Amino acid sequence: ERVKLLPEKSRTGSAGRNFYRLIKDADIEDSDFISFADQDDIWLTDKLIRQIKQITTYAVDGVSSNVVAFWPDGSRYLINKANPLKKFDYLFESAGPGCSFTITTSLFDKLKLILEISRPSDLPELHDWFIYAVCRGGGGRWHIDERPLLSYRQHANNVIGVAYGIKAKFKRLSHV
């Protein structure tokens, strides 16, 4: 009874636009916190409770965590995002993949307002970067947990996936 399906609409064309649509259309009236999930990633069983405690303990608007990327061949790679936050870091990258995010309803409401007045062509392709930038650029507070709280599945159909190495740095620069 607590699961509500959004009415089907035409394809949005990207993962980012799917999440933008979710933010615009989801009813969060009875919610205290919002977490984003991709259908193919695996959350640790204590992800939600740990992140809710961190939001409360650190008095932040959003939290994310390190993640462990994994491939079909069994390879694994730690994505370490838990570096000290820098003043303008949100201009250059996200705090991690959106599937690691839990945010407050007040941050969600800010995102919704921005999306309602924005044209889709004005929005960044990467919803996780957008969420983090709105939070930090608007004076909000964020915490990144050093403990990996999910396994981040990598496959040929990942929109972005793990980005490391020199090619990834140039790709990120082109987004900036």
Side-chain angles (χ1 to χ4, degrees), residues 1-67 69 79 81 85 90-91 93-145 148-155 157-161 175:
E1 69 204 41
R2 294 193 53 173
V3 174
K4 295 179 180 94
L5 295 177
L6 296 177
E8 190 171 330
K9 289 187 176 179
S10 61
R11 292 184 170 265
T12 61
S14 74
R17 287 201 176 116
N18 284 337
F19 280 98
Y20 293 151
R21 186 214 167 193
L22 174 67
I23 293 166
K24 286 170 52 175
D25 294 348
D27 176 8
I28 63 159
E29 187 175 323
D30 296 329
S31 303
D32 296 317
F33 304 95
I34 292 86
S35 291
F36 297 92
D38 290 340
Q39 79 283 357
D40 59 351
D41 299 319
I42 303 166
W43 288 6
L44 271 63
T45 55
D46 66 339
K47 176 190 181 297
L48 289 176
I49 193 67
R50 183 177 173 91
Q51 289 189 321
I52 289 167
K53 284 179 182 177
Q54 289 173 344
I55 286 174
T56 304
T57 301
Y58 298 118
V60 295
D61 303 287
V63 295
S64 57
S65 71
N66 286 341
V67 300
I79 302 172
K81 300 298 281 187
L85 302 182
Y90 61 88
L91 295 176
E93 64 183 339
S94 176
C99 52
S100 73
F101 289 9
T102 297
I103 64 173
T104 61
T105 54
S106 60
L107 176 54
F108 189 90
D109 288 340
K110 286 179 190 176
L111 296 165
K112 184 176 243 176
L113 180 63
I114 292 169
L115 292 173
E116 287 172 357
I117 62 172
S118 299
R119 294 179 306 187
S121 61
D122 292 338
L123 297 169
E125 176 185 353
L126 307 173
H127 64 286
D128 43 13
W129 199 342
F130 171 74
I131 294 165
Y132 183 60
V134 167
C135 179
R136 295 287 312 285
R141 294 173 37 103
W142 196 277
H143 173 73
I144 304 173
D145 191 344
L149 295 178
L150 68 96
S151 296
Y152 184 40
R153 188 180 312 270
Q154 301 298 296
H155 51 77
N157 295 322
N158 280 103
V159 174
I160 299 295
H175 283 294

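All values derive from a computational prediction rather than experimental measurement.
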Item to check | Modelled atom types, side-chain donor and acceptor of Asp145 and Gln54, under 3.5 Å | outcome: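 Looking only at side-chain atoms, Gln54 and Asp145 do form a donor-acceptor pair, the distance falling under 3.5 Å.
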
Next on the checklist: Applying side chain to side chain contact (heavy atoms under 4.5 Å, CB included) to Thr102 and Ile34, what does each step give before you reach the verdict?
Outcome noted: CA-CA 5 Å; Thr102 297; Ile34 292 86; over 6 Å; no

Would you check if the side chain of [X] reaches a backbone N or O of [Y] as a donor-acceptor pair within less than 3.5 Å?
X      : Y      : value
Gln154 : Tyr152 : yes
Thr56  : Ile52  : yes
Asp38  : Asp40  : no
Arg153 : Ala69  : no
Asp61  : Gly140 : no
Lys47  : Ser65  : no
Ser100 : Gly96  : no

Between [atom1] on residue [X] and [atom2] on residue [Y], distance to nearest 0.5 Å:
X      : Y      : atom1 : atom2 : answer
Leu91  : Arg136 : CG    : CZ    : 9.5 Å
Phe108 : Cys135 : CZ    : SG    : 14.5 Å
Lys24  : Glu116 : NZ    : CD    : 7.5 Å
Leu123 : Phe19  : CG    : CZ    : 15.0 Å
Asp30  : Thr105 : CG    : OG1   : 11.0 Å
Leu149 : Asp41  : CG    : CG    : 13.0 Å

Item to check | Closest approach of Trp43 to Ala37 (non-hydrogen atoms, all atoms of both residues) | outcome: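 Scanning both residues completely, I find the closest heavy atoms to be CZ2-CB, 3.6 Å.
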
Checklist entry - What are the two closest non-hydrogen atoms of Cys99 and Leu150, and how far apart are they? => result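 Where Cys99 meets Leu150 most closely, the heavy atoms are O-CD2, 3.1 Å.
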
Next on the checklist: Taking the ring centre of each residue, are Trp142 and Phe101 less than 6.0 Å apart?
Outcome noted: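 Centroid distance Trp142-Phe101: below 6.0 Å, so yes.
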
Any Lys/Arg nitrogen of [X] or [Y] sitting under 4.0 Å from an Asp/Glu carboxylate oxygen of the other?
X      : Y      : value
Arg17  : Glu125 : no
Arg119 : Asp122 : yes
Arg50  : Asp46  : no

[X] vs [Y] side-chain heavy atoms within contact, under 4.5 Å:
X      : Y      : result
Tyr90  : Ile131 : no
Asn66  : Ile79  : no
Ile103 : Phe36  : yes
Ser64  : Tyr132 : no

Item to check | Check against side chain to side chain contact (heavy atoms under 4.5 Å, CB included), Val60 and Thr104 | outcome: CA-CA 8 Å; Val60 295; Thr104 61; over 6 Å; no

Checklist entry - Of all residues at least two apart in sequence or in a different chain, which pass the side-chain hydrogen bond (donor to acceptor under 3.5 Å, both in side chains) check with Asp32? => result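 Expected list: none.
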
Next on the checklist: For Lys81 and Glu93: C-alpha separation, side-chain torsions, deciding distance, then whether side chain to side chain contact (heavy atoms under 4.5 Å, CB included) applies.
Outcome noted: CA-CA 10 Å; Lys81 300 298 281 187; Glu93 64 183 339; 2.9 Å; yes

Checklist entry - Which residue, Ser151, Pro97, Pro148, forms the side-chain contact (heavy atoms from CB on, under 4.5 Å) with Val67? => result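 Between Val67 and the candidates, side-chain contact (heavy atoms from CB on, under 4.5 Å) is satisfied uniquely by Pro97.
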
Item to check | Intermediate values then yes/no, side chain to side chain contact (heavy atoms under 4.5 Å, CB included), His143 and Ile55 | outcome: CA-CA 8 Å; His143 173 73; Ile55 286 174; over 6 Å; no

Checklist entry - Who passes ring pair (Phe, Tyr, Trp, His ring centres under 6.0 Å) against Tyr20, sequence neighbours left out? => result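 Per chain and number, Tyr20 pairs via ring pair (Phe, Tyr, Trp, His ring centres under 6.0 Å) with Phe130.
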
